[in-house]
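Structure first, commentary second.
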Amino acid sequence: MLGFDLGYLVAVPLIGAILSLLSPIRLFVAVVFSLLSLTLSLYAFYITLSMYEPIYQWVGGWPAPLGIGFKLDGVSGFFLMMSGVVSFAVGVYSLGFFKEGYKRQGRFFWFFFFFLWTGLNAFFLSEDLFNLYVALEVLSLTAVVLVALPSHRKAIKASVNYLFLSLFASMFYLFGVAMLYTNYGTLSMSLLAQRLAGTEEFVFALFPLLLALSIKSALFPFHFWLPPAHSSTVAPASALLSGLVVKPPAYLILRLWLDVFPDNLSLEYLSWVLGGLGALAVLFGSYYAIRQRTIKMLLAYSTVAQMGYLFLMVPIYYKAQSLEVKTIVLQGFALQALSHALAKASMFLSSGNAIYVARRDELSYMPGFAHSHPFTFFALFFSGATLIGLPLSGGFVAKFLLLKASIQIGFVFQGVIFLLGSLLAAMYIYPIWKESFSSKPEKLYDHPIPRSMELSAFMLGFIAFSIGLISGFLIQGITGRD
Amino acid sequence: MLDIIIGLLMLLSAFASLQSKDLLKSGVFFVVFGFMSGLLWIRLSAPDIAMVEIILGSAITSILIFKLSRGVRDIAMKPKLWRRLWAGAGSLVLFVFLTFYLFTVREEERVGGLVFEKLSLSGVESPVTAVLLNFRGYDTLLEVGVITLAVIGILALEPKKKSYEWNDIVVWRFSKIFLPVIALFSLYITYLGAFSVGGAFQGGSLLAGGLAFLSLSGQKLPIRENPTLFLAMLSLAVFVAFAFAYALVGHGFLTYPLELSTLSIMLIEISICISTGMLLYIAIRGRL
């Protein structure tokens with residue numbers, strides 16, 4: 001650990017946020033600090049690849065019951081890498097995006113961009129429940145402002161709805177944390193895990209915690225805030241929101257289940273509730289996505305569906321006895337989150353490109369798009385393939401791992417949902433491909449797109465697709481966990 | 001008994017906030033809700049969370065809500081029936097759970113004793129300040145970030161509009177005469193935070209009150225836009241600079257060396273005081 005402090009991961013993007021607001025050379029600051037933050041995220045991931053034990057660091061030098069801890073292990077390193085790569089690509093995209101239109105938004109965008117990155121890093125590193133709450137607040141507030149950024153009516157209405165809902169969710173979360181604190185006298189997850197063993201009272205705290213986190217990650221009956229919020233804002237903000245912001249709460253649910261809560265009979269029913277809601281999310285999210293006629297709404301509903309997979313595997317994880325199966329589920333979870341983050345960000349960015357040239361966001365306005373802008377089309381193609389889960393893509397490997405785990409335990413139900421979900425995903429991705437291929441390019445579409453906008457979308461899609469080939473390397477850190 | 005009243009008021013205000021058709025009204029009720037939950041935290045003997053809750057939950061978010069609500073006043077916000085049913089069912093289940101939970105509370109050793117034990121190593125004499133800026137300084141750093149974020153969010157969303165003014169000679173005179181005194185006193189309270197009751201957030205709120213009067217009287221501070229923004233971001237910058245610098249030197253993130261801790265905490269506190277004042281001033285004016 002010589003020379004590397006986990007605090008850098010929080011401090012560097014935060015300094016980037018401050019400087020990008022205050023200094024006159026905003027774009028220069030943005031480029032430098034994006035590169036620095038990306039390097040740090042990748043380095044943290046690199047550390048996790050070759051370690052056997054999680055790294056703990058006490059902020060301020062005060063150990064657990066008093067102070068706050070950073071914890072870096074395989075899973076958190078993986079998620080840090082995910083948010084780093086996606087944020088960086090969206091940053092590259094925004095360099096071109098705010099040059100042309102949206103000048104006023106461009107002035108403030110970088111501040112929120114870096115703050116979001118700070119919040120993500122702080123969230124994935126923290127192991128203190130109250131600190132996680134604060135990081136979650138940072139994420140939610142950034143997200144609310146990002147939703148309202150275009151400041152037309154639709155966006156502001158969506159953002160107000162989102163604000164109310166996420167504040168209520170935060171309050172539930174805080175209640176849950178307070179209950180755990182009054183009963184067990186600590187906020188640190190590792191200490192809590194020791195103190196929880198053999199007790200029953202924590203079940204009451206679990207309920208508001210899970211409710212809050214499922215609202216924030218848009219699990220099925222609580223998903224209604226997501227489509228308007230994610231679809232009404234500008235393309236880079238949509239990509240950040242849909243690709244990254246919904247992931248941390250789901251990650252925290254996994255983390256609680258994984259590290260904190262002991263085996264307990266009542267938890268089995270709860271895990272089935274989460275799994276069932278996840279299945280409903282896959283089916284209903286895909287169904288609504290199929291019915292949409294505008295690209296952004298379609299993509300937003302697809303996020304609901306894809307997030308469902310993350311919850312679907314909670315009962316598998318819970319039921320699995322052997323460490324091997326548990327590891328497989330964990331790897332599937334991480335890969336599904338990563339491939340969805342990359343693919344969905346790429347989708348939103350390239351739909352931003354499509355809107356940029358067509359000036360409309362209906363699907364029927366993009367005929368012939370593939371002829372005029374092949375790079376953007378390939379981005380749509382690769383990321384679509386990942387969302388469906390075509391072989392070789394990241395989505396395929398993730399679903400394959402989960403399918404394998406569910407078969408090994410003998411759960412047919414999950415397997416059926418995986419297959420149905422892929423079929424439905426193909427049904428909503430297909431129209432995008434079809435429309436962009438269909439007829440000859442129109443003159444209107446000769447309008448050139450800034451190169452950084454096309455390249456970043458393409459790179460994200462390409463990485464999402466080719467994850468399948470290097471997945472063994474990516475999940476190495478998670479496997480080496482125990 | 002008091003707890004039950006607070007709980008009932010919370011339920012009522014939450015219900016009213018969700019039911020009202022006017023966004024502004026539901027915003028007001030939301031403020032009441034936030035304030036009540038702040039009181040509840042005090043009753044749960046967690047005054048630091050209460051303070052944050054009242055500042056964040058009521059003050060900052062309500063300003064954000066009011067600013068946003070201006071844009072959507074005329075959109076009908078009547079919630080749909082099934083959504084109401086969901087909310088009702090959810091709160092009923094939560095209520096039952098909370099009632100059950102009340103019977104299971106165990107009083108276990110919390111960190112209070114530990115705070116006093118380590119107080120001498122923190123560089124300040126007031127336990128609250130020690131927790132806020134040393135033991136759990138990282139939380140405070142992120143909280144300062146949240147406050148800054150909310151206000152910059154207001155700035156980013158607000159088109160340049162005239163802010164509300166109250167052209168009254170009394171207000172004008174008052175702000176002119178008392179602002180320097182208030183500024184001085186707020187710094188004193190901030191300084192006092194190191195020894196006893198007081199601290200940066202309280203001092204900052206006081207400063208914000210003085211600045212709010214100034215802005216209501218139609219005056220503005222005799223500094224230009226960029227320095228205003230700079231002052232508003234000062235606390236975050238100073239805080240993160242300290243944290244980062246100590247990590248670079250090798251002490252670890254936000255780890256004050258013992259001999260420098262009093263000085264560091266003092267500087268951070270003063271910057272938080274100034275920034276909180278400026279941020280709330282910007283939030284009230286709605287522009288720089």
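Sequence lines set the chain letters: A, B, ... in the order given, protein chains first and strands last, and positions in each chain run from 1.
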[atom1]/[X] to [atom2]/[Y] distance, rounded to the nearest 0.5 angstrom?
X: A/Ser126; Y: B/Asp139; atom1: OG; atom2: CG; value: 8.0 Å
X: B/Arg136; Y: A/Trp62; atom1: CZ; atom2: CH2; value: 13.5 Å
X: B/Leu141; Y: A/Leu14; atom1: CG; atom2: CG; value: 6.0 Å
X: B/Phe230; Y: A/Leu21; atom1: CZ; atom2: CG; value: 11.5 Å
X: B/Leu155; Y: A/Arg107; atom1: CG; atom2: CZ; value: 8.0 Å

Discussion item. Which atoms of B/Ala237 are under 4.5 Å from chain A, going by heavy atoms: the side chain, the backbone, both sets, or neither?
Written reply: both
Response to the item:
If one checks every heavy atom of B/Phe135 against chain A at 4.5 Å, the contacting part turns out to be both
Practice prompt. For residues B/Leu142 and A/Val138, report the shortest heavy-atom separation together with the two atoms involved.
Written response: O-CG2, 4.1 Å
Discussion item. Would you say that more than 12 heavy atoms from the other residues, nucleotides or ligands in this model lie under 6.0 Å from the CZ of A/Phe284, or not?
Written reply: no
Where does [X] contact chain B at under 4.5 Å (heavy atoms): side chain, backbone, both or neither?
X: A/Leu22; result: side chain
X: A/Leu19; result: neither
X: A/Phe70; result: side chain

With heavy-atom distances below 4.5 Å as the criterion, would you say the side chains of [X] and [Y] are in contact?
X: A/Asn131; Y: B/Tyr138; result: yes
X: B/Leu149; Y: A/Phe111; result: yes
X: A/Phe115; Y: B/Val146; result: no

Discussion item. I'd like to know if the side chain of A/Asp5 and the backbone of B/Ala247 have a donor-acceptor N/O pair within less than 3.5 Å.
Written reply: no
Practice prompt. Quick one: which of A/Val59, A/Ile68, A/Asp128 has the most heavy-atom pairs under 4.5 Å with chain B, could you say?
Written response: A/Ile68
Worksheet entry | Among the listed options B/Val240, B/Asn226, B/Ile152, B/Thr148, the residue most often paired with chain A at heavy-atom distances under 4.5 Å | B/Ile152
Discussion item. Is it the case that the ring center of A/Tyr8 lies less than 6.0 angstrom away from the ring center of B/Phe244?
Written reply: yes
